[in-house]
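Values reported hereafter were calculated over all heavy atoms of this structure, with side chains retained and with hydrogens, waters and symmetry mates removed. Computed from a prediction, not measured in an experiment: that's the story for all the values here. Order of the sequence lines fixes the chain letters, A, B, ..., with proteins taken first and strands second; residue numbering starts at 1 for each chain.
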Amino acid sequence: MTNVIASNVLANGLRTEFADTYLAIQNRQADSRLSMVMDLGIGATNRQHEFAYFEAAPHMAYWQRGTAIPQDNFGSVQFSVPVYTWGRRVAWHKEDRKDDQTQSLFDMARMAGQSAALLPERFFFDLLAGSTNTLPAIPLAPDGAALFAATAGGADRFGVSNGNLLGGSGVASVSQILTDYYNGLEQFKLFQDGKGQPLLSDETVDAGVVCIYPAAQLEAFEEAFLQKRQGTAVSTGGTTDYVGAAVTNIVQDASRNVTLWASSRLTGSDWFMFLKNPPKKATFMLDREGVQEFSSLEGDNNSDRTRDTGEEYVQWERRAGAGIALPYGAIQINN
Amino acid sequence: MAALSAARNTVSRPRAGRNSFIVRNSTTVYAGGLVGTDLDGYLIPYNNVATTRPCGIALETVVGNASRECRVNTEGVTITTTVTGGSTIATLNSLVYCQTDNPADCTTTAATSQAIGVITRYITGTTNEVTLFSMIEAEAKI
């Protein structure tokens, strides 16, 4: 609502070497790793979309000679995802734009439009943390539970105790993180399809994971996953005691495929594992309309308000939503 | 003067919700702050004085020197803020007061100075939307 405050860029003789202090940062784009954990390619044609799928089909069973063939069914699920409207306007007095000695006011204002490219990442972390920092409401997964939940529909989610919400050991030590990492991998393998068989193939689980964790845990995670020689050799009484110290890194020894993502959008010590190659990604964005820019400048033919007030503006609009698919490719380590 | 007997060219300008006011000497109004006019007609940061009349939100930071003007948005915009006393949805439509020029100091408790707006949307227990009176609405005590 308040206009751009341009009072500090109007003095004659200003030098412009640092006019792009913020403009040069160019960080208003989604992280390149986002596409590994969020489906960004689903379009929308209305303000809400209903999706549906059949649950797993039954498996073959023994057919005893002389009896009728075994018969089983499968259910179906429907869920809906709304599309929201996003926008931002930046306004300034036309004389401020003209008198701006750095001649960068308009370019800076356009940074607000670049923010549209950040929306998918902001959606994702809202879904991840269950917080409404960007989205007005956090949807449930199609099975009626949250993105990460131990149970769904009154039973263990995916047929295994703790579902995709594992209690963690903490992030204080390498061994705690690696223990939780392997617990996560094992949990993926234990997921059931609702018909008594494993939900995910071992190949799918072993294809690798993306670990997303709070930026504050950067050192702990790189120590756990990337440091080749782990543990500290403790010298006691003139002899070197290696008890309790692992001298190699099991993740590297086992050639596990791990991508680390330390995000400043997460706090605390909870962290998340996403399969790199899931049949369906756990989160998705619903893209109704791409970003559109509208402006009201004094030279525009439709800028009545600018001519009435002397105030120009540029604004951006976008329509998009975000949803949760059945999250069999994601696990939260809850510390 | 007398009643018109012929067409008259009345010079006017659009009612676009913007006005400039002369800022009281040696007083600073800040962009984004609530502002009002004092008994002498000078623009000052909004305060808890009965004679201060709210007129809107300053669009620029100006230090008064007896002639310097400040542009003010006088159209009565809607702002999102915490309103002390506005923690339940039942406070929708309550009058909002502010004892300083800081919109974050909004309260539903009656102050010495007049109300500046109305809670027009309840969002959470700590966040409301307040639609400020336009300068004309405030003057008319709507």
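At a 4.5 Å heavy-atom cutoff, Asp304(A) makes no contact with chain B through either its backbone or its side chain. For Arg71(B), the part lying near chain A is the side chain, with the backbone staying farther off; criterion is any non-hydrogen pair under 4.5 Å. Heavy atoms of Arg305(A) lying under 4.5 Å from chain B belong exclusively to its side chain.
Within residues 5-12 of chain A, the residues having any heavy atom under 4.5 Å from a heavy atom of chain B are, by residue number, Ile5(A).
By the side chain to side chain contact (heavy atoms under 4.5 Å, CB included) test, Asn47(B) is found to be paired with Ile44(B), Val49(B), Thr52(B), residues two or more places apart in sequence or in another chain being considered.
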Could you list the donor-acceptor pairs under 3.5 angstrom formed between side-chain atoms of residues 131-139 of chain A and any protein atom two or more places apart in sequence or on another chain?
{"residue": "Ser131(A)", "atom": "OG", "partner": "Asn133(A)", "partner atom": "ND2", "Å": "3.3"}
{"residue": "Thr134(A)", "atom": "OG1", "partner": "Arg122(A)", "partner atom": "NE", "Å": "3.3"}

Taking distance alone, no hydrogens or angles, what donor-acceptor pairs closer than 3.5 Å link side-chain atoms of residues 84-97 of chain B to residues at least two apart or in another chain?
{"residue": "Thr88(B)", "atom": "OG1", "partner": "Ala90(B)", "partner atom": "N", "Å": "3.4"}
{"residue": "Thr91(B)", "atom": "OG1", "partner": "Thr88(B)", "partner atom": "O", "Å": "2.5"}
{"residue": "Ser94(B)", "atom": "OG", "partner": "Thr91(B)", "partner atom": "O", "Å": "2.7"}

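Within a 6.0 Å radius of CZ in Arg88(A), other residues, nucleotides and ligands contribute 12 heavy atoms or fewer. Atom CZ of Arg28(A) has more than 12 neighbouring heavy atoms from other residues, nucleotides or ligands inside a 6.0 Å radius. Within 6.0 Å of atom OH in Tyr22(A), 12 or fewer heavy atoms from other residues, nucleotides or ligands are found, so the atom counts as exposed in its surroundings. The number of heavy atoms from other shown groups lying within 6.0 Å of OH (Tyr42(B)) does not exceed 12. No more than 12 heavy atoms of other residues, nucleotides or ligands shown are found within 6.0 angstrom of OH on Tyr30(B).
Taking CZ of Arg13(B) as the start and CG of Asp308(A) as the end, the distance is 10.0 Å to the nearest 0.5 Å. Atom CG of Leu59(B) and atom CD of Glu311(A) lie 5.5 Å apart (nearest 0.5 Å).
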